[in-house]
Enquirer: 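First the structure, then my questions, so here it is.
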Number of protein chains: 2
Amino acid sequence: MEQIKLFELSKEYLEQLRQAIEAEDKVFIKESMEGANEADVAALLDELDMQEALYVLRVLDDELAADILIELDEDDQFKIITSMEHTELAALIDHMDSDDAVDILNQLGVNEREDVISHLQEKEKSAHILDLLRYDEDSAGGLMAKEFIKANQNWTVVQTINEIRRQAENVEKIYSIYVVDNKERLLGRVSLKRIILSAADTKIADIFEDDQISVPTHMRQEEVAEIMRKYDLESIPVVNVKNKLVGRITIDDILDVIREQSEEDIQAMTGLSDDVEESDSIFRIAKARLPWLLIGVVGGLMGAGIIDFFEDGLQKVIALASFIPLVAATGGNVGIQSSSLVVQTLAAKSVFSDTPWQRFIKGFLIALVNGVVLGGFVLAVVVFVYKHEFIFGVTIGLAMFCVVLLASFMGTVTPILLNRFGVNPAIASGPFITTANDLLGLAVYFGVAMLLLNL
Amino acid sequence: MEQIKLFELSKEYLEQLRQAIEAEDKVFIKESMEGANEADVAALLDELDMQEALYVLRVLDDELAADILIELDEDDQFKIITSMEHTELAALIDHMDSDDAVDILNQLGVNEREDVISHLQEKEKSAHILDLLRYDEDSAGGLMAKEFIKANQNWTVVQTINEIRRQAENVEKIYSIYVVDNKERLLGRVSLKRIILSAADTKIADIFEDDQISVPTHMRQEEVAEIMRKYDLESIPVVNVKNKLVGRITIDDILDVIREQSEEDIQAMTGLSDDVEESDSIFRIAKARLPWLLIGVVGGLMGAGIIDFFEDGLQKVIALASFIPLVAATGGNVGIQSSSLVVQTLAAKSVFSDTPWQRFIKGFLIALVNGVVLGGFVLAVVVFVYKHEFIFGVTIGLAMFCVVLLASFMGTVTPILLNRFGVNPAIASGPFITTANDLLGLAVYFGVAMLLLNL
């Protein structure tokens, strides 16, 4: 056994595979992939073009092809499923868990989706899928799968084992067995370990744990992730408003949620308008970056307008120009620091979190401390190092102080407002708000200078 | 059963608890926390001061107190374990899994640590702990626990069940049973489901899966996290250089790794010098922010020096001052976008990743596209909207173009270099590099202007 099973995931194998596809060498493709992990094959297919990847999937068994399709990059996945025949796609979906099937079907239009579902062989699966499609993709209902083991509290251990045997094909990983009453209401769970260690005629009611944590179907996926992390759970049952057990969310789906969320935050902070990867084409990456860069440029041009407005004053005291980058950079840095702290707290909210008003006061006090230190430092440097007049030093120092307070205020308030309107608050650390901060900072800077220097 | 078990996690209960601590009402504390989840109690204790939290832990049973101690915030945890008697701490550690015990002990000095270990009751546990302490905290060895179930391939199902029974107390969650040969080398794994569904006299050798993925003890924790995410694993076996099974890493520890890493990245990007939370004191937050802000300010003051140097030219064409914020902001935005894309790819490295040289070429081409678009746009606005001379528009546009190329270059190269020297590359998106970009941008801007406008 290898230390880490990466089968032949190499550039050499990729080349061999390309040649085999070209030569339509189905035997090589099938044999070389035998025993390979689906995630590894998916990483390989992500490197091929769509026609090549589709060819490989068609060569492989439906079950393996289904597993691979689930693991593909979203872009490649979309291209492939929209190129497949509906019957072909249905044959793969027949081998998927209901949650993965729904993720695939959600990428199709309503009509295509219904047509694919009509071609499914397993009627229980299509019922599950139709049920799951009702939920919002980003909610617990949209994440859950219908494949799990449940046991009635009145069953014995041996009855439960029979149920596990009956479902063995459908439920790959069991984790816990959920215990329900006669009305299918969730009562708790019992671990497989407990089942193994109990006598065959033991009643489930006597051995299950009733401190089970569950989530309602409508809960946002980020909240589900936070609950599973907090309580160290590898699976969590999902209940409807009547506390009826309707599904199960497993930790692998949650890891994907966490990864997506962190990528979205970074994207929002860096101003990418689209989910791009380094492997995408040059034009695609350039295009994803342009909108935000343009907003920054428009902001910069508006800044030029502001400075133009103060041109007379600037002409008299040309040294004012020298400190424009200082004021702008500090405003940007303070704004990003304030907003990211608020964003972090908004994500991990607890009952003990500060109210918006407490946050605001606290942010103000922190800014006061930093503003005084930075303003004082700048005053000293301008007067003693750059040998400017004292009143000029006071001007720059006071402008710095005002900009720190203002940028901190904007950085605290913006994410709270964005969050309240249901927008990802991480945007507040991005270029749009930073640009707005720059403009405000410039106006404050020249405003202070005009007043203090009598320009 | 409640939908989500939050027991009485409320500000009211917190107040009651404080009063009970004051009144030394042990009965109330014990009874009100009965059945509560350890993560919830820990969230509560994080709100109390150290003496109060310590009092609560002393009132509760050792087993519950041990579980709660593990779940506390790192700061509070440190304060509490350093205030405890060594015998007291040892009594709690006796109830912990070896990986959690090591996390606690790693916070103590070498002498304290040894003294605590010498007070442990369970000799097997202290041997495990001494073994685990040898590994780097951020490696697979530092993450793994010694509590897991292993079965020899020659055992029968019933022998394996007996082993599970023997270890039932120590191993709370089983996930998989690892299969080893007579020399303790990892061969594969068998699921509990398979054990339940197989006849009692079945040989383990006949039912185990040999496609098991394992990690070596020295692997970095971020890589372990990526493997577990990629292959959808809830636990992974850890082996030494001789492929001997030495431990197990579970998904709950990996979730914490992922969370820490994402927080570290955001901190690096926003320039916090310390891991602060919104609930920390004003001075602590202000202090964590100041170093990076000061670097930004020093950068800004150096920028003032650069502009001073060009003061004669600026005096002649005062309009040059107006476009300083434009140039600086664009440089900053482009730099952050380039570096964050590289950082993202460095984190999820694969055999198909571009080489540094390919990255460099690609980044250059993307910058070329964006530079031409932004430079052209700025030229047009400066000439047609702001009614400057054509040569002045060309100056600003060309400077923009150069700044985009330069910032993109810096943004691509810096994280690659930082990564090579073992520094978190996310710092490249932070204020330090942004400040450096600003200065370079200013120099380029005035350089271009001096040349084209003959100043």
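Any value given below was found using the heavy atoms of this structure, including those in side chains, with hydrogens, waters and symmetry copies removed.
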Enquirer: Counting heavy-atom pairs under 4.5 Å to chain B, which of A:Ile396, A:Val378, A:Ile164 comes out on top?
Expert: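 Greatest number of close heavy-atom pairs with chain B: A:Ile164.
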Enquirer: If you tally heavy-atom pairs under 4.5 Å against chain B, which of A:Glu311, A:Met400, A:Arg185, A:Arg194 wins?
Expert: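 Winner by heavy-atom pair count: A:Glu311.
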Enquirer: At a 4.5 Å cut-off on heavy atoms, which part of B:Ile251 comes close to chain A: side chain, backbone, both, or neither?
Expert: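 Answer is side chain: those atoms of B:Ile251 sit under 4.5 Å from chain A.
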Enquirer: In terms of heavy-atom pairs under 4.5 Å with chain B, which of A:Thr435, A:Leu301, A:Ile306 leads?
Expert: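 Of the candidates given, the most pairs with chain B belong to A:Leu301.
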Enquirer: Counting C-beta onward and ignoring hydrogens, is there a side-chain heavy-atom pair between B:Asp308 and A:Tyr386 closer than 4.5 Å?
Expert: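 Yes - at least one pair of side-chain heavy atoms lies under 4.5 Å apart.
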Enquirer: Counting only non-hydrogen atoms closer than 4.5 Å, does A:Ile196 touch chain B with its backbone (N, CA, C, O), its side chain (CB onward), both, or neither?
Expert: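 For A:Ile196, backbone and side chain are both near chain B.
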Enquirer: Stepwise, does the side-chain contact (heavy atoms from CB on, under 4.5 Å) test hold for B:Glu38 with A:Tyr231?
Expert: CA-CA 8 Å; B:Glu38 55 268 20; A:Tyr231 296 106; over 6 Å; no
Enquirer: What part of A:Ser338 is in contact with chain B, defined as an atom under 4.5 angstrom from a non-hydrogen atom: side chain, backbone, both or neither?
Expert: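 Contact with chain B: backbone and side chain both.
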Enquirer: Heavy-atom cut-off 4.5 Å, strictly under: side chain, backbone, both or neither for A:Leu374 against chain B?
Expert: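 Just the side chain, heavy atoms under 4.5 Å.
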Enquirer: Report which part of A:Ala168 has an atom under 4.5 Å of a heavy atom belonging to chain B: side chain, backbone, both, or neither.
Expert: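 Contact with chain B is through both the backbone and side chain of A:Ala168.
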Enquirer: Please classify the contact of B:Asp46 with chain A as side chain, backbone, both or neither, using a heavy-atom distance under 4.5 Å.
Expert: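 Neither part, no heavy atoms under 4.5 Å.
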Enquirer: Is B:Ile149 close to chain A through its backbone or its side chain, or both, or neither, when contacts mean heavy atoms under 4.5 Å?
Expert: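 For B:Ile149, no heavy atom lies under 4.5 Å from chain A.
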Enquirer: Kindly indicate whether the side chain of B:Arg289, heavy atoms from C-beta on, has any atom under 4.5 Å from the side chain of A:Asn333.
Expert: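 Side chain of B:Arg289 against side chain of A:Asn333, heavy atoms only: no contact under 4.5 Å found.
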Enquirer: So for A:Phe310, is it side chain, backbone, both, or neither that comes closer than 4.5 Å to the heavy atoms of chain B?
Expert: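 No part of it gets close to chain B.
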Enquirer: Between A:Met302 and chain B, with a heavy-atom cut-off of 4.5 Å, which part of the residue counts as in contact: side chain, backbone, both or neither?
Expert: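 Backbone only.
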Enquirer: Please classify the contact of A:Ile282 with chain B as side chain, backbone, both or neither, using a heavy-atom distance under 4.5 Å.
Expert: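 Backbone plus side chain of A:Ile282, per the 4.5 Å heavy-atom cut-off to chain B.
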Enquirer: Taking side chain as everything from C-beta outward and backbone as N, CA, C, O, which of these in A:Leu320 sits under 4.5 Å from a heavy atom of chain B? Side chain, backbone, both or neither.
Expert: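 Neither part, no heavy atoms under 4.5 Å.
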Enquirer: By a 4.5 Å heavy-atom criterion (distance strictly below it), what part of A:Asp253 contacts chain B: side chain, backbone, both, or neither?
Expert: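 The answer is neither part of A:Asp253.
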Enquirer: Is B:Val334 in contact with chain A via its backbone, its side chain, both, or neither, using a 4.5 Å heavy-atom distance?
Expert: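 Both backbone and side chain.
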Enquirer: Heavy-atom distance under 4.5 Å to chain B: side chain of A:Leu442, backbone, both or neither?
Expert: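 Interface part for A:Leu442: side chain.
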Enquirer: Are A:Val369 and B:Lys287 packed together at the side-chain level, in the sense that at least one heavy-atom pair is separated by less than 4.5 angstrom?
Expert: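 When only atoms from C-beta onward are counted, B:Lys287 and A:Val369 do not touch, as no gap falls below 4.5 Å.
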Enquirer: I'd like to know if A:Glu226 pairs up with B:Arg259 as an ion pair, taking the criterion as any Lys NZ or Arg NE/NH1/NH2 lying under 4.0 Å from an Asp or Glu carboxylate oxygen.
Expert: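 Salt bridge between A:Glu226 and B:Arg259, a charged N being under 4.0 Å from a carboxylate O: yes.
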Enquirer: Before giving the answer on side-chain contact (heavy atoms from CB on, under 4.5 Å), spell out for A:Phe377 and B:Leu293 the whole-Å C-alpha distance, their side-chain angles and the decisive distance to 0.1 Å.
Expert: CA-CA 12 Å; A:Phe377 176 70; B:Leu293 289 180; over 6 Å; no
Enquirer: Test side-chain contact (heavy atoms from CB on, under 4.5 Å) on A:Met228 and B:Asp252 and set out the steps.
Expert: CA-CA 9 Å; A:Met228 290 185 75; B:Asp252 50 325; over 6 Å; no
Enquirer: A:Ile324 and B:Pro325: which non-hydrogen atoms are nearest, and at how many Å?
Expert: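 Scanning both residues, the minimum pair turns out to be CG2-CG, 3.7 Å.
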Enquirer: Using a strict threshold of under 4.0 Å (side-chain N to carboxylate O), is an ion pair present between A:Lys173 and B:Asp232?
Expert: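 Salt bridge: no.
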Enquirer: Does a side-chain heavy-atom distance below 4.5 Å link B:Ile213 with A:Asn37?
Expert: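 Yes - at least one pair of side-chain heavy atoms lies under 4.5 Å apart.
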Enquirer: Examine whether an atom of A:Val327 lies under 4.5 Å from a heavy atom of chain B, and if so say whether it belongs to the side chain, the backbone or both; otherwise answer neither.
Expert: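 Nothing of A:Val327, per the 4.5 Å heavy-atom cut-off to chain B.
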Enquirer: Using non-hydrogen atoms and a 4.5 Å limit, figure out which bit of A:Ile258 sits close to chain B: side chain, backbone, both or neither.
Expert: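 Contact with chain B is through the side chain of A:Ile258 alone.
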Enquirer: Give the minimum heavy-atom separation between B:Phe323 and A:Ala304, together with the two atoms involved.
Expert: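 What the structure gives for the nearest pair is CE2-CB, 3.5 Å.
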Enquirer: For A:Asn370, which of B:Leu290, B:Ile285, B:Leu294 qualifies under side-chain contact (heavy atoms from CB on, under 4.5 Å)?
Expert: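 The side-chain contact (heavy atoms from CB on, under 4.5 Å) with A:Asn370 is passed solely by B:Leu290 among B:Leu290, B:Ile285, B:Leu294.
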Enquirer: Walk me through it: do B:Leu192 and A:Ile174 pass the test side-chain contact (heavy atoms from CB on, under 4.5 Å)?
Expert: CA-CA 9 Å; B:Leu192 271 188; A:Ile174 293 186; over 6 Å; no
